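Here's the structure we're looking at; comments come further down.
Just so it is clear, the values below take in all heavy atoms, side chains as well, and ignore hydrogens, waters and symmetry mates. Predicted model, so just to flag it, every value in this text is computed and none were measured.
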Amino acid sequence: MLARVQLSAQHDALSEKPEVAGAIQVLDSWLSASVASRGEPGLSIGIVYGNDLIWSKGYGFANVEKRIPATASTLYRIASISKVFTATAILQLRDAGKLQLDDPVSKHLPWFHIKEPRADAPPITIWHLLTHTSGLARELPAYYWNDLKFPTREEMMRMVPEEPAVFAPEKAYKYSNLALAIAGEVVAAVSGEPYQQYVENHILRPLGMSSTLVAPSPTSPNLAVGYRRRVVGEPREAEDFIEARALTPSAGLASNIEDLARFVSLQFRDSPLGGSQILKGPTLREMQRVQWLKPDWQSGQGLGFGIRHVGQQVRVGKDGAAPGYKSLIEWVPAEKFGVIVLINGYDAEPTYYVNQALSIMGPAIAKATAQPKTAPVADPSWSKYIGTYTWKHVETQILVVDGELIMISPEAAAPWDTRVRLIPVGPRTFKMTGGGNDGELLQFEVDENGTATKLLASNYYRIRKR
């Protein structure tokens with residue numbers, strides 16, 4: 001049931017390094033035991049580092065009755081992970097100058113009329129849709145999650161005015177499938193292409209996501225059977241197939257580990273726009289930045305993505321849940337490392353598996369990819385800068401510590417926390433790294449003997465004590 005994807009020689013080398021290979025063995029053993037003990041029908045997992053899927057494997061079965069193994073190629077309904085493809089499409093159109101995030105939705109969808117709870121409520125914007133702050137109800141006023149008979153686009157357009165908003169925009173975070181379904185309609189209206197065609201042409205094809213389906217069918221090849229929750233003592237029941245229709249931009253797509261690895265890898269790149277770089281780096285970072293902070297200050301909402309703190313680590317991703325399936329993609333931007341988990345059981349907990357994969361693989365990958373460090377050697381000429389510089393009652397000290405030229409505030413309660421590294425960039429000129437003037441230049445003035453007499457930053461100076 002092993003299914004590894006050979007994306008590059010670099011990925012192969014990384015997975016074979018002792019630290020990573022050992023961590024993979026530990027994770028594999030734990031996954032085998034956990035999938036069995038928790039009774040998952042099937043689970044597929046992928047570990048992504050940078051541009052590469054460095055390891056992937058399937059456990060259990062894509063089809064229990066037919067004993068078809070789950071692999072990295074197995075397709076699963078990814079449910080709400082569909083929303084990040086809709087958000088990606090919106091940001092592509094924004095970058096192309098075809099819309100703005102603060103545009104009222106009604107500017108692009110004349111049929112969009114919502115009864116607001118307050119007469120003075122501001123208009124619902126595209127930004128509100130992507131950040132789940134529109135105040136819209138979670139769903140349309142119909143029981144499609146019970147009977148699985150999802151509305152058509154025309155039925156959605158008719159029902160939208162019938163469902164009043166729950167909150168005024170930006171009053172609270174309120175997750176809404178309806179909001180992202182409407183965002184998908186914005187994509188179609190602004191681009192002039194049907195939603196499915198736009199996503200295929202501008203996202204899936206350029207990324208090489210050739211197996212991903214915007215609108216899967218019950219006969220789609222390699223699609224895992226979705227299963228209902230486990231009942232002790234009884235075999236799992238297969239779930240009925242869902243045709244998402246109007247909710248496709250919110251919950252309709254199907255994908256696999258191999259394709260989603262390409263999407264996760266995109267999040268780490270900052271190449272010139274074009275080809276598989278379907279969004280520029282600043283836009284990708286904008287999507288992964290907190291746009292709405294939740295009251296606990298431990299999690300928030302980006303543009304399509306969720307963001308959470310786990311210890312000192314910031315993680316970005318999106319989960320999905322639909323009858324028969326659970327899924328999660330999550331990565332650590334600072335480490336360019338992420339995990340994808342797809343499961344065909346509705347009572348599964350993908351976060352349980354992703355948390356373990358991140359904690360087991362993260363340190364191993366960090367160790368294997370760390371650049372060897374050489375001890376810095378101080379330039380002997382820096383001795384002319386060492387000393388204390390003042391202005392009125394403020395003191396700044398220049399020191400050489402561990403081969404580096406640094407600046408501190410000696411009178412601070414924690415002087416080491418005030419340190420700023422000074423990186424040479426020119427004659428008597430240094431770039432400051434750390435502190436309030438991070439990235440700016442600092443220069444020294446010297447006398448006729450070459451001894452420093454003054455330091456000058458962009459907005460202050462200090463005179464050396466004699």
ring-ring contact (aromatic ring centres under 6.0 Å, His included) with Tyr195: which residues, sequence neighbours excluded?
none
Between the main-chain N or O of Leu75 and the side-chain N or O of Asn256, is there a donor-acceptor pair closer than 3.5 Å?
no
Would you mind checking if Asp347 and Lys326 are paired as a salt bridge, meaning a charged N to carboxylate O distance below 4.0 Å?
no
Spatial distance of atom CD1 (Ile365) from atom CD1 (Ile360) [nearest 0.5 Å]
11.5 Å
For the pair Arg428 (side chain) and Gln443 (backbone), establish whether a donor and an acceptor sit closer than 3.5 Å, ignoring hydrogens and angles.
no
Determine whether Ile90 and Leu101 satisfy the following criterion, side chain to side chain contact (heavy atoms under 4.5 Å, CB included), listing intermediate values before the conclusion.
CA-CA 8 Å; Ile90 289 285; Leu101 296 186; 3.8 Å; yes
Sorted by chain and number, sequence neighbours left out, side-chain hydrogen bond (donor to acceptor under 3.5 Å, both in side chains) with Arg205 holds for Asn201
Lys454 to Tyr461 six-membered ring, cation-pi geometry met (6.0 Å, 45°)
yes
Checking Arg262 side chain against Glu258 main chain: does a donor-acceptor pair fall under 3.5 Å?
yes
If we ignore angles and hydrogens, is there a donor and acceptor under 3.5 Å between the side chains of Glu440 and Ser458?
yes
Distance alone, cut at 3.5 Å: any donor-acceptor contact between the side chains of Glu395 and Ser409?
no
Test log, rule side chain to side chain contact (heavy atoms under 4.5 Å, CB included), inputs Leu399 and Ile408:
CA-CA 8 Å; Leu399 304 166; Ile408 66 168; 3.9 Å; yes
In the structure I gave you, are the side-chain heavy atoms of Thr390 and Val394 within less than 4.5 Å of one another anywhere?
no
Pairs of donor and acceptor atoms involving the side chains of residues 315-322, under 3.5 Å and at least two apart or interchain, shall be tabulated with distances.
unit_1 : atom_1 : unit_2 : atom_2 : d
Arg315 : NE     : Gln313 : OE1    : 2.8
Arg315 : NH1    : Asn355 : OD1    : 3.0
Arg315 : NH2    : Gln313 : OE1    : 3.1
Lys318 : NZ     : Tyr175 : OH     : 3.1

What residues, two or more places apart in sequence or in another chain, satisfy ring-ring contact (aromatic ring centres under 6.0 Å, His included) together with Trp30?
Tyr352, Tyr353
Tell me which donor-acceptor pairs under 3.5 Å the side chains of residues 372-387 have, and how far apart each pair is, sequence neighbours excluded?
unit_1 : atom_1 : unit_2 : atom_2 : d
Asp379 : OD1    : Ser381 : N      : 2.8
Asp379 : OD1    : Ser381 : OG     : 2.9
Asp379 : OD2    : Ser381 : OG     : 3.4
Ser383 : OG     : Pro380 : O      : 3.1
Lys384 : NZ     : Ser381 : O      : 3.1

What I want to check is whether the side chains of Lys280 and Thr283 have a donor and an acceptor closer together than 3.5 Å.
no
Spacing of Ile307 atom CD1 and Met287 atom CE [to the nearest 0.5 Å]:
10.0 Å
Below 4.5 Å, heavy atoms only, C-beta onward: do Val186 and Leu109 meet side chain to side chain?
yes
By side-chain hydrogen bond (donor to acceptor under 3.5 Å, both in side chains) - contacts of Arg462 (at least two apart):
Thr396
Drop me the distance from Leu91's CG to Leu284's CG, to the nearest 0.5 angstrom.
8.5 Å
With the side chain counted from C-beta on, respond yes when Val314 and His309 share a heavy-atom pair under 4.5 Å apart, and no when they do not.
yes
Counting N and O atoms only, with roles assigned by atom type, does the side chain of Ser29 sit under 3.5 Å from a partner on the main chain of Gln25, one being a donor and the other an acceptor?
no
Whether the side chain of Lys17 engages the backbone of Ala368 through a donor-acceptor N/O pair (distance < 3.5 Å, no angle test) should be reported.
yes
How close do Pro363 and Leu358 get, counting heavy atoms only, and between which atoms?
CD-O, 4.0 Å
If the condition is side-chain hydrogen bond (donor to acceptor under 3.5 Å, both in side chains), which residues does Ser37 pass it with, not counting sequence neighbours?
none
Is Ser32 close to Tyr59 at the side-chain level, that is, under 4.5 Å between some pair of heavy atoms?
yes
Is it the case that the ring center of Phe263 lies less than 6.0 angstrom away from the ring center of Phe85?
yes
If a pair satisfies salt bridge (Lys or Arg N to Asp or Glu O under 4.0 Å) and one of its residues is in residues 169-194, list it, with sequence neighbours excluded.
Arg153-Glu185
Suppose we screen for ring-ring contact (aromatic ring centres under 6.0 Å, His included). Which residues come up paired with Phe337, at least two apart in sequence or across chains?
none
Any donor-acceptor N or O pair under 3.5 Å, side chains Lys83, Asn177
yes
With distance as the sole criterion, is a donor-acceptor pair present between the side chains of Tyr49 and Glu335 under 3.5 Å?
no
Show me the donor-acceptor pairs, under 3.5 Å and distance only, between side chains in residues 290-306 and residues at least two apart or in other chains.
unit_1 : atom_1 : unit_2 : atom_2 : d
Gln291 : OE1    : Trp127 : NE1    : 3.0
Gln291 : NE2    : Glu286 : O      : 3.1
Asp296 : OD1    : Gln298 : N      : 2.9
Asp296 : OD1    : Ser299 : N      : 3.4
Gln301 : NE2    : Phe305 : O      : 2.9

Is the backbone of Leu279 close enough, under 3.5 Å, to the side chain of Gln277 for a donor and an acceptor to pair up by distance?
yes
Closer than 3.5 angstrom, by distance alone: can the side chain of Ser82 be matched with the main-chain N or O of Gly252 as a donor-acceptor pair?
yes
Contacts satisfying salt bridge (Lys or Arg N to Asp or Glu O under 4.0 Å) that involve residues 398-408 (not counting sequence neighbours) are Glu404-Arg421
Side-chain heavy-atom pair Leu342, Leu43 within 4.5 angstrom cut-off:
no
Going by the rule ring-ring contact (aromatic ring centres under 6.0 Å, His included), which residues pair with His108 if we only count those two or more places apart in sequence or in a different chain?
none
Quick check on side chain to side chain donor-acceptor pair (under 3.5 Å): which of Gln196, Gln197, His202 does Glu200 satisfy it with?
Gln196
Just how far is it from atom OG of Ser106 to atom CD1 of Ile124, taken to the nearest 0.5 Å?
9.0 Å
Once you round to the nearest 0.5 Å, how far does CG of Leu136 lie from CD of Glu116?
7.5 Å
Flag the pair Pro216 / Arg77 as yes when at least one side-chain heavy-atom distance between them is below 4.5 Å, and no otherwise.
yes
Arg38 side chain to Val35 main-chain N or O, any donor-acceptor pair under 3.5 Å?
no
Atom pair NZ/CZ of Lys336 and Arg269 - distance to nearest 0.5 Å:
10.5 Å
Answer yes or no: is there a side-chain heavy-atom contact under 4.5 Å between Ser191 and Lys98?
no
Counting distance only, does the side-chain N/O of Lys465 pair as donor-acceptor with the main-chain N or O of Thr388 below 3.5 Å?
no
Would you please test Leu442 and Leu456 for side chain to side chain contact (heavy atoms under 4.5 Å, CB included) and show each step?
CA-CA 6 Å; Leu442 181 142; Leu456 303 95; over 6 Å; no
Are Pro169 and Thr133 packed together at the side-chain level, in the sense that at least one heavy-atom pair is separated by less than 4.5 angstrom?
no
Would a distance-only check, ignoring hydrogens and angles, find a side-chain to backbone donor-acceptor pair under 3.5 Å from Ser44 to Thr71?
yes
